[in-house]
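Here the structure is a predicted model, which means the values were calculated and not measured.
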Amino acid sequence: MRIVDFPTRDVDLDEHRKSLNRIDAAQEPLYAIGRTYKAGMRSPLHSHRKTQLWHARRGVVVVGTTDRRWMIPPGHGLIIPAGLEHASETMSPVEMLSVYVDTQLALVERPKVVNVTTLAANLMDELVRDAPPFPNPRRRELIMDLLLDEMQQLPEVPLGLPFPNDPRLAAACRAFLEAPRAVASIDDWAATLAMSRRSFTRFFRAQTGVSFVTWRQQACLFASLPRLAAGHSITSVALDAGYENIAAFTTMFRRMMGSPPRQYLLSR
């Protein structure tokens, strides 16, 4: 899996700039748009004046800043604070809905991946379909009020992956995502960076904010989800990620996502 590099130039920059201007100029408290993207589309680094809920109805997207990555699999969304510079890359064909919220109504301190409820998804659909001139303004206001309330209660899921600023450690993290190994050891990584085990564990936590073991588990899940969403078998994904058997992979997946892979995929 390729990690977003900054800046990127794969989209029409002039059209992208016009889109940002339309979003920022929107007068309604909630502004919703729907789009489809081909696999491999990358946006340039940008920010919004409004809080954004980026919802993947289908497909998988990676959104990144200079020091962190978030994955949005089908049925999930990423809440992005206003003013945070970010870029995105589609890992598969993607159908998305985005809602931009006035910061006075939704002040968010940090990005977080959330499980988008059926109610929230349906309300976003209604806002996108309800094009001006609006036949029933009062109904539209009620939809926006209910969606805003639902957004504030969406459950968070652990699909954020911190990335270090140190170039050597960042390179090792990128290489791991390209070829994840669930059994990768602290000693191996420490040796690669010519550090003692103790120094490495302290350094890794200082750079990422989490332990190496926690990051390794999150990274394995991060690398596996696009393949599962693309239809690869659970067995092949688990073995390619370095798990000794499907049971071990399923246990990790259930602990982090709340359900085993097969049930999770069916729910999406």
Worksheet item: Is the closest basic N to carboxylate O distance between E156 and R110 below 4.0 Å?
Response: yes

Discussion item. Do V116 and Y31 sit in one hydrophobic cluster, given that two such residues count as connected whenever their side-chain heavy atoms are within less than 4.5 Å of each other, even indirectly?
Written reply: no

Worksheet item: Does a sphere of radius 6.0 Å around CD in E244 hold more than 12 heavy atoms from other residues, nucleotides or ligands, not counting ones at 6.0 Å or beyond?
Response: no

Discussion item. Walk me through whether H48 and L20 qualify under side-chain contact (heavy atoms from CB on, under 4.5 Å).
Written reply: CA-CA 7 Å; H48 306 284; L20 293 179; 3.3 Å; yes

Worksheet item: Nearest heavy-atom pair of C173 and F204: which atoms, and what distance?
Response: SG-CE1, 4.3 Å

Worksheet item: Between the side chains of E150 and T117, does any donor sit under 3.5 Å from an acceptor?
Response: yes

Discussion item. A quick test of your reading: do over 12 heavy atoms of other residues, nucleotides or ligands sit less than 6.0 Å from CZ of R198?
Written reply: no

Item to complete: Kindly confirm or rule out a cation-pi arrangement of R69 over F163, judged by NZ or CZ under 6.0 Å from the six-membered ring centre and within 45° of its axis?
Response: yes

Worksheet item: Would the Y100 and H55 ring centres measure less than 6.0 Å apart?
Response: no

Worksheet item: How are the rings of F253 and Y264 set to each other: parallel, tilted or perpendicular (split at 30° and 60°)?
Response: perpendicular

Discussion item. Within the supplied structure, the quantity of interest is the number of heavy atoms (other residues, nucleotides, ligands) at a distance under 6.0 Å from Q104 CD; does it exceed 12?
Written reply: no

Practice prompt. For the residue pair E126 and N122, confirm or rule out a side-chain donor-acceptor distance under 3.5 Å.
Written response: no

Fill in: Minimal non-hydrogen separation, I246 against A238, with atom names
CA-CB, 4.5 Å

Worksheet item: Do R227 and D240 sit within salt-bridge range, that is, some charged N less than 4.0 Å from a carboxylate O?
Response: yes

Worksheet entry | Polar contact flag, side-chain donor to acceptor under 3.5 angstrom, T103-T51 | no

Item to complete: May I ask you to decide whether E15 forms a salt bridge with R22, counting only side-chain N to carboxylate O separations under 4.0 Å?
Response: yes

Discussion item. When you compare the side chains of S19 and R35, does any donor N or O come within less than 3.5 Å of an acceptor on the partner?
Written reply: yes

